[in-house]
Amino acid sequence: MLETRFRMLALLVMLPCSSVLLAEPPTVDYLFPAGGQQGETVEVTASGAFSNWPAMVWTDRLGVEFQPQKEKGKLKAAIAADAQPGVYWLRLVDAEGASSLRPFVVGMLAEVSEKEPNDDPDAPQSLAQSATVNGRLEKRGDVDTYAIELKEGQTLVASMRANTQLGSPVDAVLQFCTEDGFVLLQNDDERGFDPLLIVSAPRDGVFLVRTFGFPATPNSTIGFAGAENYVYRLTITNGAFVDHTLPLAAARGKETTLRLAGWNLPKEIAELTLPADAENSEAIVSHGALANSLPLVQTSHPLLIADDKATPAEPQAIELPCVVSGAIRQRRQAHAFAFDAAKGQKLSFQIESRSLGYPLDPLLIMTDETGKIYSEVDDTGRESRDATLNFTAPADGRFILVVRDLHDRGGPRFAYRLTCEEQTPDFNLTLAGGEFTLAAGKTLEIPVTVERLLGLKDEITVVAESLPEGVAAEAVVSQGSGDTSKSVKLKLTAAADAKPASGVLRIVGRAGDTQKPASFSLADMGVSQTAAWLTVTTAK
C-alpha cells in the first residue's frame with residue numbers, strides 16, 4: 001500500500017515542458033538547512049545546478065511538502081505537525097530528468113540557525129534551551145561555538161549529524177569547554193566520522209560546545225578545514241535522548257515493547273510500545289518527551305534480548321531463527337548462545353554494531369560444548385567492522401556462539417543486533433546509479449548487476465515495474481549456477497508518441513518465491529536506495 005502511494009505521488013508530478021529546451025537535468029549537492037522541526041515551515045536552499053526553474057520536488061513519504069520559490073534553488077518546506085521524525089529522501093525533478101536523492105531530516109526539538117561570528121569563546125552563540133542547530137563550517141579555520149547554561153550534575157548530550165547522515169565531506173570534532181574556553185572533554189569519530197559528547201556538568205554555570213572539522217578524505221590541509229558543503233545538524237540538550245533499544249529491532253506486523261537506553265530518560269518512557277506495522281521496512285522510535293528519534297529495522301524473526309549473565313560456561317539457550325539484541329557493557333565481557341543443529345545444517349550468524357553507529361568491533365566465535373573452536377570471524381569484507389559467520393554443523397549436537405569485542409572493550413553504547421538463521425540461497429541486484437532518462441522513440445539499456453549468494457542456481461528474472469504509458473521493457477533472465485556476480489541488461493523502449501513523464505522506476509528480480517528490488521548506492525552517505533527514477537522526454 002505504501003509503495004503504491006509513493007508511485008502515485010511520483011506519477012502526479014506535473015513538469016514544465018518546452019520543446020526548445022535542451023538542458024541538463026537538475027543536480028543537488030546539498031540542502032541547507034538540512035532539516036526542520038515537526039509543525040514548522042522552513043526556507044531551504046538547494047545547492048546545485050538548475051537549467052529549468054522551477055523544478056518540482058518528490059519525497060519518498062508523506063509528511064513534508066516542498067514548494068519551489070521564485071529564486072532559483074530556493075524551497076519552502078512545510079512540515080506537518082504529525083510528520084514522522086527521521087530522514088526524508090527527496091529529488092528535484094524537471095522535464096529533462098531528476099537529481100540524485102538528498103536527505104532532509106525532520107526533528108523533534110526547536111531548530112536554531114547558526115549565526116556568525118561565533119568562533120571566539122568570548123562571543124559564542126547562546127542557546128536559551130535544548131535545540132538542534134543547523135550550521136556549517138563554511139570556510140577554512142571556521143570554529144562554531146554555542147553556549148548553554150547547566151546545573152551541577154545535569155547531563156548534556158551533544159550529538160552531531162554531518163558525514164554519516166547528510167553526506168557532508170567533514171570529519172568533525174566536538175569539545176565541551178568552560179565559559180573561558182578551557183577544554184574539559186573532546187570527542188571525534190564516535191559514529192563513523194560524526195562525534196557525540198556525553199558529559200555531566202561539574203558545577204552550575206555557562207558552558208560551551210565547540211565544533212570544528214577536517215576533510216573526511218585527507219588532503220594536504222593543515223589546520224581546520226571548511227567549505228560551503230560542510231553542513232551539519234547539532235543537537236545540544238540536557239533532555240531525554242535515546243541511544244539504543246532492547247530489542248534493537250521491531251517485530252513486523254506485531255506490537256513491540258522496547259527498553260530504552262540513553263541519557264536523561266524519565267521513568268515513564270523507560271519502556272515504549274511500538275504499534276504493529278506490516279508495511280514498512282523500518283519502525284521509528286519517537287515520543288514527545290524525547291529530544292531525538294531512532295529508526296529500527298523490522299523483522300519477521302522472533303526477538304530475544306541477550307542475558308548479561310550468559311557466558312560460554314553457562315550460555316543462553318536460543319532457537320533459530322531469531323534476532324538477539326544485547327550490549328557488551330563491561331571490559332572482557334562475552335555473551336554466549338547455545339543452539340541445537342543437525343549434521344550438515346547450514347546456518348548464518350550476522351552481527352551489526354558499527355554499521356548502526358555503535359562502537360563494538362564484534363568478534364564471533366563458534367564452539368562445541370567442550371570449547372572446541374570451529375570458526376572465528378572478525379570483519380566481513382574490507383569496508384565493514386561487523387561480521388557474518390557461516391557455519392555447517394559437523395554432527396548432530398549443541399553448539400555455542402560467543403560474541404565479544406575484538407579488543408575486549410565494553411560500555412553502555414556497545415550495543416549489537418545478531419541475526420541467527422538458516423543459510424538460504426539468495427541474490428542481490430544493484431544498479432550503477434538511480435536516475436535514468438529516455439527519449440521518445442529511443443531505447444535505453446540499464447545494466448543490472450546480479451550477485452548470487454550461497455550457491456543459488458535458480459533462474460533470476462529481472463523486470464521493470466511502474467513504467468509510464470508508452471514505455472515497455474522485456475524481462476531478462478539471469479542463467480547462473482553457484483556464487484557468481486555478473487550483469488544483465490534491461491532494455492526500456494519508448495514509443496515514438498510517448499508523452500513526457502517522470503516517476504519512480506522499480507526494477508525487481510524474482511527467483512522462485514523470492515522477490516527483491518534492485519538497489520543503488522549513495523556513496524557519500526554509505527546507504528543504498530531502491531527508488532530509482534525514470535524521465536521520459538520528447539524526441540531530441
Side-chain angles (χ1 to χ4, degrees), residues 34-35 85-87 103 105 107-109 111-112 114 127 130-137 143-146 148 150 154-168 170-177 183-202 207-214 216 230-245 248 260-265 285-286 290-296 327-329 352-361 385-386 405 409-417 525-527:
V87 176
V105 184
M108 303 167 69
L109 285 181
E111 303 259 333
V112 174
E114 177 208 356
L127 303 178
S130 296
T132 295
V133 181
N134 290 284
R136 55 182 161 188
L137 301 166
V143 178
D144 292 344
T145 308
Y146 304 96
I148 188 168
L150 299 171
Q154 277 189 320
T155 297
L156 179 80
V157 179
S159 172
M160 176 171 280
R161 293 294 193 179
N163 183 266
T164 58
Q165 191 175 68
L166 305 181
S168 295
V170 59
D171 182 358
V173 177
L174 281 177
Q175 294 179 333
F176 180 75
C177 311
V183 178
L184 298 175
L185 186 66
Q186 176 173 307
N187 184 264
D188 181 21
D189 299 349
E190 181 70 15
R191 294 176 297 199
F193 282 146
D194 288 347
L196 172 70
L197 272 178
I198 311 298
V199 61
S200 178
F207 295 88
L208 306 180
V209 175
R210 185 162 59 192
T211 186
F212 51 86
F214 304 94
Y230 278 34
V231 174
Y232 64 80
R233 284 174 58 80
L234 173 59
T235 296
I236 300 175
T237 181
N238 53 22
F241 194 97
V242 60
D243 180 62
H244 64 274
T245 63
L248 200 51
L260 272 58
W263 302 277
N264 303 321
L265 297 173
V285 179
S286 65
L290 288 172
N292 67 320
S293 62
L294 183 72
L296 294 182
I328 303 296
R329 303 184 189 282
E352 300 162 277
S353 182
R354 287 296 181 93
S355 61
L356 303 178
Y358 305 112
L360 181 71
D361 187 354
R385 293 288 186 91
D386 292 338
D405 182 79
R409 301 170 305 150
R413 296 199 68 245
F414 281 62
Y416 66 84
R417 180 171 65 224
M525 278 163 283
V527 298

Looking at side-chain heavy atoms only, is the closest gap between [X] and [Y] below 4.5 Å?
X      : Y      : value
Asp243 : Ile198 : no
Leu109 : Asn292 : no
Asn264 : Thr237 : no
Phe214 : Asp188 : no
Leu127 : Val133 : yes

- [ ] Go through the side-chain N and O atoms of Arg136 and Ser168 and say whether any donor and acceptor fall under 3.5 Å apart.
- [x] no

[X] to [Y] - nearest heavy-atom pair and separation:
X      : Y      : result
Gly35  : Glu111 : O-OE1, 3.8 Å
Asn134 : Ala34  : OD1-N, 3.9 Å
His244 : Ala327 : NE2-CB, 4.5 Å

Open item on the list: For Tyr146, give me all partners under ring-ring contact (aromatic ring centres under 6.0 Å, His included), at least two apart in sequence or on another chain.
Closed with: none

Open item on the list: According to side chain to side chain donor-acceptor pair (under 3.5 Å), who are the partners of Arg210, at least two apart in sequence or on a separate chain?
Closed with: Gln175

- [ ] Kindly say whether Leu196 contributes a backbone atom to a donor-acceptor pair with the side chain of Ser159 at under 3.5 angstrom?
- [x] no

Task: Under 3.5 Å donor-acceptor, Arg409 side chain and Pro359 backbone - done: yes

Task: Basic-acidic side-chain contact under 4.0 Å: Asp386, Arg354 - done: no

Task: Qualifying residue, where the test is side chain to side chain donor-acceptor pair (under 3.5 Å) with Tyr232 and the options are Asp144, Asn163, Asp194 - done: Asp144

- [ ] Only counting residues at least two apart or in another chain, list the ones meeting side-chain contact (heavy atoms from CB on, under 4.5 Å) with Ala172.
- [x] Met160, Val170, Pro195, Thr211

